[in-house]
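These notes concern the structure reproduced below.
All values below come from the heavy atoms of this structure, side chains included, with hydrogens, waters and symmetry mates left out. For the single chain, residues carry numbers from 1 onward in sequence order.
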Amino acid sequence: HREIAWTVLVGGLSMLFAWAIGIPIGVYSAVRQYSLFDYTFTFLGFLGLSIPNFFLALILLFVLVFFFHTDITGGFFSLQYQDAPWSWGKFIDLLKHLWVPIVVIGTSHTASIIRITRGNLLDILGQPYIQTARAKGLKEKVVIYKHALRVAINPLISLAGTSFPELVSGAVITGVVLSLPVIGPTYLKALT
């Protein structure tokens, strides 16, 4: 049952990561449509969608070990903390290792959040009630965040329920590559 708890933790944190990164980038990209940053974020979004999670995990581990000389090579804990009881040091070590699977699994979901937020917000910004809010003299930030973003974010809320299983399935293969104690290695063992 520990594997399920770790899988849910990694999937949930990956979803929070995707939303925390994807929505602001999608808003920025929609507000500054056809700018250099819009093209850059769109390119990075498509790149994030096209790179498989396990391959991104391998690239990230390679960069961490060979360029930054870290001891993060997979798993949630360093060797000295794997079987140790919970302490402040073990928690800090968990945080040092936990960001790798969160970034790897959350990247593809972040790309879809960026695209959906950008597209929805561009549709909403052309609506008559947004033009009326601007004509009333409201500040642009108020128009975007209070009026437009509230409506544009509704499809993302329905996406949250359907995307969690996708994040968990991304944790399966990534868990095998990163040697994580999630459901992935157990699933692979059951298949073989």
Side-chain angles (χ1 to χ4, degrees), residues 6-70 72-76 95-125 144-145 148-149 152-180 182-185 187-188:
W6 282 116
T7 305
V8 170
L9 176 72
V10 170
L13 290 175
S14 298
M15 181 181 281
L16 287 175
F17 169 79
W19 278 58
I21 300 295
I23 291 175
I25 290 175
V27 169
Y28 185 85
S29 189
V31 170
R32 289 171 177 76
Q33 186 181 15
Y34 303 125
S35 67
L36 177 65
F37 291 112
D38 180 30
Y39 287 127
T40 303
F41 289 139
T42 302
F43 173 75
L44 291 176
F46 283 124
L47 193 65
L49 281 173
S50 64
I51 296 177
N53 289 345
F54 70 91
F55 188 65
L56 181 61
L58 291 173
I59 291 171
L60 189 59
L61 286 179
F62 176 80
V63 168
L64 286 174
V65 170
F66 286 104
F67 293 111
F68 293 105
H69 306 291
T70 64
I72 300 174
T73 57
F76 284 136
L95 293 180
K96 287 180 184 176
H97 288 79
L98 192 59
W99 71 271
V100 174
I102 289 171
V103 168
V104 166
I105 296 168
T107 301
S108 64
H109 192 61
T110 302
S112 60
I113 294 283
I114 290 171
R115 290 184 323 119
I116 292 170
T117 303
R118 181 184 181 275
N120 289 343
L121 196 57
L122 285 174
D123 287 342
I124 299 299
L125 287 175
I144 291 170
Y145 291 107
L149 187 60
I153 209 166
N154 285 337
L156 290 176
I157 294 170
S158 63
L159 177 73
T162 60
S163 65
F164 189 73
E166 181 184 318
L167 291 171
V168 169
S169 68
V172 170
I173 298 172
T174 306
V176 173
V177 171
L178 293 176
S179 301
L180 301 176
V182 293
I183 222 164
Y187 183 68
L188 182 65

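Listed by first and then second residue, the salt bridge (charged side-chain N to carboxylate O under 4.0 Å, His left out) pairs involving residues 21-30 amount to none (not counting sequence neighbours). Within the structure, the side-chain hydrogen bond (donor to acceptor under 3.5 Å, both in side chains) test picks out no pair touching residues 47-70 (sequence neighbours left out). Annotation: salt bridge (charged side-chain N to carboxylate O under 4.0 Å, His left out) contacts involving residues 39-51, sequence neighbours excluded, are absent. For residues 27-46, the pairs satisfying ring-ring contact (aromatic ring centres under 6.0 Å, His included) are Y28-F37, with sequence neighbours left out. The list of salt bridge (charged side-chain N to carboxylate O under 4.0 Å, His left out) pairs with a residue in residues 48-59, not counting sequence neighbours, is empty. Listed by first and then second residue, the salt bridge (charged side-chain N to carboxylate O under 4.0 Å, His left out) pairs involving residues 102-122 are D38-R118 (not counting sequence neighbours).
Atom CD of Q33 is separated from atom OG1 of T42 by 9.5 Å, given to the nearest 0.5 angstrom. In this structure, CG in L58 is found 7.5 Å from CG in L178, a value given to the nearest 0.5 Å. One distance of note links CG of L98 with CZ of F76; it measures 6.0 Å at 0.5 Å rounding.
In this structure the side chain of V10 never reaches within 4.5 angstrom of the side chain of T174, judged on heavy atoms.
Residues meeting the side chain to side chain contact (heavy atoms under 4.5 Å, CB included) test with I51, sequence neighbours left out: L47, F55, L56. By the side chain to side chain contact (heavy atoms under 4.5 Å, CB included) test, L36 is found to be paired with T40, residues two or more places apart in sequence or in another chain being considered. Among residues two or more places apart in sequence or in another chain, the side chain to side chain contact (heavy atoms under 4.5 Å, CB included) test is passed with P185 by V176, V182. Legend: residues meeting side-chain hydrogen bond (donor to acceptor under 3.5 Å, both in side chains) with S14, ordered by chain and number and at least two apart, are absent. The side chain to side chain contact (heavy atoms under 4.5 Å, CB included) test applied to V27 returns I23, V31, T117, L121, I144, Y145, L149, not counting sequence neighbours.
In terms of heavy-atom proximity, S112 sits nearest to L49 at N-CD2, 4.3 Å.
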For this session: Assess whether side-chain contact (heavy atoms from CB on, under 4.5 Å) is satisfied between W99 and L60, documenting all intermediate values.
Result: CA-CA 11 Å; W99 71 271; L60 189 59; 4.2 Å; yes

For this session: Kindly determine whether I25 and L44 satisfy side-chain contact (heavy atoms from CB on, under 4.5 Å), including the steps that lead there.
Result: CA-CA 11 Å; I25 290 175; L44 291 176; over 6 Å; no

For this session: Start with the C-alpha distance between L159 and I113, add both sets of side-chain angles, then the distance that settles side-chain contact (heavy atoms from CB on, under 4.5 Å), and finish with yes or no.
Result: CA-CA 9 Å; L159 177 73; I113 294 283; 4.0 Å; yes

For residues 101-111, run the donor-acceptor check on the side chains, cut-off 3.5 Å, and write out each pair with its distance to 0.1 Å, sequence neighbours left out.
unit_1 : atom_1 : unit_2 : atom_2 : d
T107   : OG1    : V103   : O      : 2.3
H109   : NE2    : S163   : OG     : 3.4
T110   : OG1    : G106   : O      : 2.6

